[in-house]
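Just so you know, ligand 1 is whichever comes first in the structure, and atom 1 is the first atom listed for that ligand.
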Amino acid sequence: MNIQEKIQSLREELRKHNYQYYILDQPTLSDYEFDLKLKELQDLERAHPEFFDENSPTQRVGGSITKNFETVVHEYRMYSLDNSYSLEDLLNWEKRIEKIVDGQITFTCELKYDGASISLLYENGKLMNAVTRGDGIQGDNVTANVKTIPSVPLQLQGDYPKRFYIRGEIVLPYEGFATLNKERIEAGEEPYANPRNTASGSLKLQDSAETAKRPLDCLLYNIKGERLSITTQFESLQKAKAWGFKVPDTAKLATSVEDIMKFVEYWDTHRYDLPYETDGVVIKVNNLYQQEELGFTAKAPRWAMAYKFKAEQATAILREITYQVGRTGAITPVANLTPVQLAGTTVKRASLHNADQIEKLDIREGDSVYVEKGGEIIPKIVGVDFTSRPADSQPTQYIHQCPECATLLIRKEGEAQHYCPNFEGCPPQIIGRIQHFISRKAMDIDGMGAETVTLLVKEGLIINYADLYQLQKEQLLPLERMAEKSVDNLIKGIEASKNIPFERVLFALGIRYVGETVAKKLANHFKNIHTLSIALPEEMEQVNEIGSRIAESVFEFFQNPENRKTVDRLQSYELQLAISEETLANRSDKLQGKTFVISGVFSQVSRNELKKILEDNGGKVASAISSKTSYLVAGENMGPSKLAKAEKLKVPMLNESEILEMIATV
Ligand code: AMP
Ligand code: ZN
């Protein structure tokens with residue numbers, strides 16, 4: 001086998017495995033074997049850029065940046081669906097369509113997946129682009145992000161048509177949503193409200209590597225194109241599945257409205273067994289000729305009808321409202337309920353969000369409340385049954401003092417949440433901050449878990465993360481569950497954290513609203529902690545995507561003398577509080593204000609390296625050519641459509657040596 005054949009065969013093997021794993025849920029390789037093969041392919045592709053393929057399985061990791069998503073007009077308009085809520089509605093619909101078409105009507109019943117709709121274009125078995133629904137007439141080109149979703153095939157299999165569109169829904173399954181939120185809460189960020197919005201937000205991230213980290217899934221349900229030799233909707237689902245798409249096996253044929261209702265009733269209760277959210281059923285006329293005869297109204301097809309599930313709700317007695325204190329001091333009210341069955345689980349607690357919401361809904365202890373479960377981790381209270389309110393009921397008095405340290409709470413202008421301002425003395429804040437500091441994405445201190453932190457704080461050995469760097473072996477040995485070996489590990493882990501790069505140290509400090517991405521941006525811009533600590537909010541807002549809320553929060557952090565003292569101590573323990581020399585040496589702002597589009601393959605550098613070089617020198621890299629593109633950097637085998645577009649918009653082109661020279665000499 002020559003190199004090219006080897007590359008092809010690895011791609012095909014990985015693609016097959018991907019299909020087995022994500023579509024059929026029957027893995028054929030272990031994760032380890034998969035990783036080895038992927039690595040082998042990556043190495044070969046790097047050594048032989050002439051065989052680059054943008055639909056190679058190696059391209060799923062993402063990494064391209066899109067600043068402005070290109071608008072694409074849908075070749076076939078993306079309609080919305082009419083809704084029905086009762087048997088009667090469905091019977092009326094059946095009557096209406098029977099008048100228009102001849103012959104017996106069969107229906108396909110499908111689930112209505114609750115996510116973000118997407119239209120994928122395939123040509124010759126390759127994914128060409130992915131466009132959001134937008135207003136139905138035109139949407140955004142989010143191809144770079146969609147490519148990172150493992151269940152979206154980049155290369156089809158079997159007997160697929162030459163060119164077609166396939167539509168579906170991008171969803172974020174419950175489990176992935178819960179993990180994502182857990183990470184956000186750990187990072188002191190607000191959890192996402194529901195899977196649907198998070199899924200659509202994920203498609204519009206500028207950095208596709210970020211999208212790649214979101215556990216998204218893509219479920220398909222509709223094929224559009226010319227001369228497809230498909231005659232029914234049900235057949236199109238089966239074919240799509242055979243070509244490599246993820247099509248749930250839940251669709252059923254029905255010949256009467258009674259059959260349809262059976263399907264609806266079954267899924268109304270069983271939908272919680274599914275890994276993703278659904279909000280109803282979609283009923284479609286099965287025969288595509290009949291569909292064509294029926295056509296569309298101004299907003300929806302006449303041949304389809306949605307049937308919405310009722311939101312799952314239960315009534316419970318609100319026994320008590322308690323309050324939790326987070327690591328940033330934010331107070332969250334929690335409803336403690338009499339246990340109630342909801343969507344297959346027993347619910348005892350529900351979230352109340354904040355004081356305003358309690359007041360708005362007039363929620364009181366002793367009330368009968370309506371509890372609803374959406375995609376949230378904990379259910380929420382959506383209303384009160386006022387008819388059963390006890391006669392002696394009293395309006396809820398939101399707490400004025402911190403439940404943990406009795407400090408008077410504050411609430412900032414325009415903010416919904418109350419805060420405990422006792423930054424230094426409030427136990428959950430002290431512990432939470434240190435737990436955040438040592439966490440995996442921050443200082444990643446090996447050998448130290450959340451419980452160890454609690455123990456060390458309770459024992460009075462640390463009250464601040466800087467104290468970690470002064471811990472002595474002798475202090476730790478006498479503690480419970482601290483064997484010599486674990487103490488050694490812990491001390492070693494703390495020592496090793498001194499090499500963690502600046503951007504992560506900045507994240508670890510636990511400044512409110514400074515998540516991983518913001519920390520990276522601030523670190524890159526201000527280069528070291530000193531410059532950042534004396535920057536004014538206005539200066540911070542000069543940085544792309546840093547708004548006033550973040551800027552104020554960072555400014556305030558460094559205004560606090562206690563924090564400055566802590567940072568000085570971290571400095572004295574030799575943590576990385578500046579971007580490393582090496583990173584700095586390769587940086588400039590020579591390309592400031594210029595936007596590049598990279599296309600084709602390169603011989604001296606990889607695409608990713610080239611992108612990094614451009615960005616390190618202040619340039620921006622976009623994925624699509626527009627009138628704002630300063631240069632098209634063209635490698636070998638560039639796509640003809642990009643070339644045509646560049647010529648049309650008169651975007652100047654640079655080849656590999658020209659761009660490298662430009663950076664070296666400007
Ligand atoms: P609505 O937004 O309520 O008008 O509902 C229409 C949307 O439902 C479509 O744009 C699709 O994104 C979505 N949908 C989810 N599942 C299906 C399905 N099985 N068939 C058709 N549309 C679906
Ligand atoms: Zn407190």
* Asked: Between the side chain of Ser151 and the main-chain N/O of Cys218, is any donor-acceptor distance below 3.5 Å?
  -> yes
* Going through the distances and angles, do Met128 and Thr143 end up as a side-chain contact (heavy atoms from CB on, under 4.5 Å)? -> CA-CA 8 Å; Met128 303 305 288; Thr143 315; over 6 Å; no
* Structure fact -> Sorted by chain and number, protein N/O/S atoms nearer to the Zn ion (ligand 2) than 2.8 Å are Cys402 SG, Cys405 SG, Cys420 SG, Cys426 SG
* Asked: Nearest 0.5 Å, what's the CG-CD distance between Leu127 and Gln155?
  -> 10.5 Å
* Quick one: CD on Glu210 to OG1 on Thr148, what's the gap to the nearest 0.5 Å? -> 10.5 Å
* Asked: To which of Tyr113, Tyr221, Tyr79 does the heavy atom nearest atom 21 (C) of ligand 1 belong?
  -> Tyr221
* Any N/O pair Val282/ligand 1 closer than 3.5 Å -> no
* **Arg167 contact mode with ligand 1 (heavy-atom cut-off under 4.0 Å)** => neither
* To do: Measure from the side-chain N and O atoms of Arg302 to the backbone N and O of Leu294, and report whether any donor-acceptor pair falls under 3.5 Å.
  => yes
* Asked: Is it the side chain (CB and beyond), the backbone, both or neither of Met78 that lies under 4.0 Å from ligand 1, heavy atoms counted?
  -> neither
* To do: Give the intermediate values and the outcome of side-chain contact (heavy atoms from CB on, under 4.5 Å) for residues Tyr307 and Leu90.
  => CA-CA 9 Å; Tyr307 190 105; Leu90 285 180; 3.8 Å; yes
* Mode of Gln233 contact toward ligand 1 - side chain, backbone, both, neither (heavy atoms, under 4.0 Å) -> neither
* **From Lys112, Lys284, Lys299 - option closest to atom 20 (N) of ligand 1 by heavy atom** => Lys284
* ligand 1 versus Leu111, non-hydrogen atoms closer than 4.0 Å: side chain, backbone, both, neither? -> backbone
